[in-house]
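A short write-up of the structure that comes next.
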Amino acid sequence: MPPVAPPPVLTPDLLNSIREHPDLPPQTWYIIAATTLTILNRPDEIPRIYEHAATSDPRSTSSRSEQLTILRRMREALIKTSAVGGVPKIINSLLALKKVSPPDLQDSPSTQSPTERRNDFSDDPSRIEQRGRDFFGKVYGKVADRVLSQMDNSGTEDLGLVARLMYSHILSNTLVLSAADTSFVMIAALIPQDVNPQLKGHLKGAMNGGATLEQVRAVRQVAIQICQGAGMTRLEDSGVAGWGWREDVASI
């Protein structure tokens, strides 16, 4: 017997409220939704997000070039989500997205990706590492050195190395998603994981990257709404089991 499909998280009402949120910057609702649902392990929802963004977004006339922009932004959001959410869920969501992507709007391995990440392997490694350091510094501001030192001194310096690799090669690439967009993706990926210490840094980091306070709060609100639609709740302090948040989601 095939597995029973779970009920949809993105009901029509929820989808409309997210898509038309007045404080979300243009072209961000679908990357926020795709990121949150990927971390919630709902790759089955990803095709619906693209289809609505490509055909129903009131801010878009849905030309072929705009559909390509939507797809590339969704793909890059998922790639960047791997920095804080791991790779397996990203694989499933990207493959789900591919199923509804027109063949002529897919980036072939034989052509250069719009992110140009392949060039990182032939570029000066010190330049790429410095790009990552600069981006990390922009996100964390005056506490950047302290945060990186904390990871270097976590008991293994390899944690700091992982952070440098992720920021240098994945997060600091802004050819498709801006610095603010990247922080929106991090916020959307961290909220379902109930990791307030990391979330706090990226809430502030989004503003350091150029987002307004209202935009950051809107991203947080939308991610929480999606999580609640999937069944996440605020857990009782005395509870030992359940699916939700152990403490109130960090705000700004």
Side-chain angles (χ1 to χ4, degrees), residues 25-39 43 45-55 57 60 62-136 138-139 161-189 202 205-206 209-210:
Q27 302 289 331
T28 59
W29 76 263
Y30 55 83
I31 64 173
I32 294 162
T35 297
T36 305
L37 285 160
T38 293
I39 296 298
E45 298 271 358
I46 303 303
R48 292 182 60 230
I49 296 171
Y50 166 66
E51 288 164 353
H52 277 269
T55 62
D57 193 332
S60 171
S62 299
S63 70
R64 209 66 172 167
S65 63
E66 286 169 330
Q67 290 179 36
L68 180 59
T69 295
I70 291 167
L71 283 167
R72 284 177 167 172
R73 285 174 61 80
M74 287 183 69
R75 292 170 191 148
E76 179 67 351
L78 294 173
I79 291 296
K80 289 194 169 186
T81 298
S82 68
V84 294
V87 173
K89 291 179 179 179
I90 279 64
I91 294 173
N92 294 338
S93 285
L94 282 171
L95 293 180
L97 180 59
K98 181 182 178 182
K99 290 180 180 179
V100 295
S101 303
D104 62 312
L105 299 184
Q106 298 179 25
D107 293 314
S108 168
S110 62
T111 60
Q112 176 74 282
S113 165
T115 66
E116 300 180 7
R117 280 197 179 89
R118 191 186 307 171
N119 294 343
D120 289 358
F121 294 97
S122 57
D123 203 339
D124 179 3
S126 63
R127 189 188 73 81
I128 302 302
E129 182 180 358
Q130 187 59 52
R131 185 185 72 186
R133 280 183 171 273
D134 292 344
F135 194 86
F136 189 91
K138 187 174 185 179
V139 170
L161 175 61
V162 168
R164 289 175 175 87
L165 287 170
M166 287 297 182
Y167 273 85
S168 296
H169 292 279
I170 304 299
L171 299 179
S172 66
N173 185 311
T174 55
L175 293 179
V176 174
L177 295 183
S178 68
D181 289 337
T182 300
S183 286
F184 295 158
V185 169
M186 295 297 98
I187 292 167
H202 286 283

Could you walk me through whether Arg73 and Thr28 pass the side chain to side chain contact (heavy atoms under 4.5 Å, CB included) check?
CA-CA 9 Å; Arg73 285 174 61 80; Thr28 59; 4.0 Å; yes

Please assess Ile79 against Leu94 for the test side chain to side chain contact (heavy atoms under 4.5 Å, CB included), listing each intermediate value before the final yes or no.
CA-CA 9 Å; Ile79 291 296; Leu94 282 171; 3.9 Å; yes

After noting the C-alpha distance and the side-chain angles of Ile128 and Ser168, does the key distance pass the side chain to side chain contact (heavy atoms under 4.5 Å, CB included) rule?
CA-CA 6 Å; Ile128 302 302; Ser168 296; 4.0 Å; yes

Could you go through the side chain to side chain contact (heavy atoms under 4.5 Å, CB included) check for His202 and Phe184 one step at a time?
CA-CA 8 Å; His202 286 283; Phe184 295 158; over 6 Å; no

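Atom-to-atom distance recorded for Met166:CE and Ser172:OG is 12.0 Å, nearest 0.5 angstrom. Considering OG of Ser101 and CG of Leu71, their distance stands at 4.5 Å, rounded to 0.5 Å. Atom-to-atom distance recorded for Ile31:CD1 and Thr81:OG1 is 9.0 Å, nearest 0.5 angstrom. In this structure, OG1 in Thr38 is found 7.0 Å from CD1 in Ile49, a value given to the nearest 0.5 Å.
Looking at Glu76 and Arg117, a side-chain N of the basic residue comes within less than 4.0 Å of a carboxylate O on the acidic one, giving a salt bridge. In this structure, Asp120 pairs ionically with Arg131, as a charged nitrogen and a carboxylate oxygen lie closer than 4.0 Å. A salt bridge between Glu45 and Arg48 is present, with a side-chain N of the basic residue lying under 4.0 Å from a carboxylate O of the acidic one.
Between Asn173 and Phe135 the shortest side-chain heavy-atom distance does not fall below 4.5 Å. Within the 4.5 Å cutoff, the side chain of Gln27 has heavy atoms near those of the Ile70 side chain. Residues Arg75 and Gln106 have side chains in contact (heavy-atom distance under 4.5 Å, counting atoms from C-beta outward). In this structure, the side chains of Trp29 and His52 come closer than 4.5 Å at one or more pairs of heavy atoms. Put simply, the side chain of Leu97 does not reach to within 4.5 Å of the side chain of Ser93, judged on heavy atoms. Side-chain contact between Pro102 and Leu105 is present, with at least one heavy-atom pair separated by less than 4.5 Å. Inter-residue side-chain proximity for Ser82 and Ile90 is flagged as met; some heavy-atom pair is nearer than 4.5 Å. Here the side chains of Met74 and Ile46 are in contact, with some heavy-atom distance below 4.5 Å.
A pairwise comparison of heavy atoms in Pro109 and Arg118 identifies O-NH2, 3.0 Å as the closest pair. Nearest heavy-atom pair across Val185 and Ala77 is CG1-O, 3.5 Å.
Under 3.5 Å, the side chains of Asn119 and Gln112 contain a donor-acceptor pair of N or O atoms. If you check the side chains of Ser63 and Glu66, you find a donor sitting under 3.5 Å from an acceptor.
The side-chain contact (heavy atoms from CB on, under 4.5 Å) test with Lys80 singles out one residue from Leu171, Asp181, Val176, and that residue is Leu171.
The aromatic rings of Phe136 and Tyr167 sit perpendicular to each other, their planes meeting at more than 60°, with 30° as the lower class boundary.
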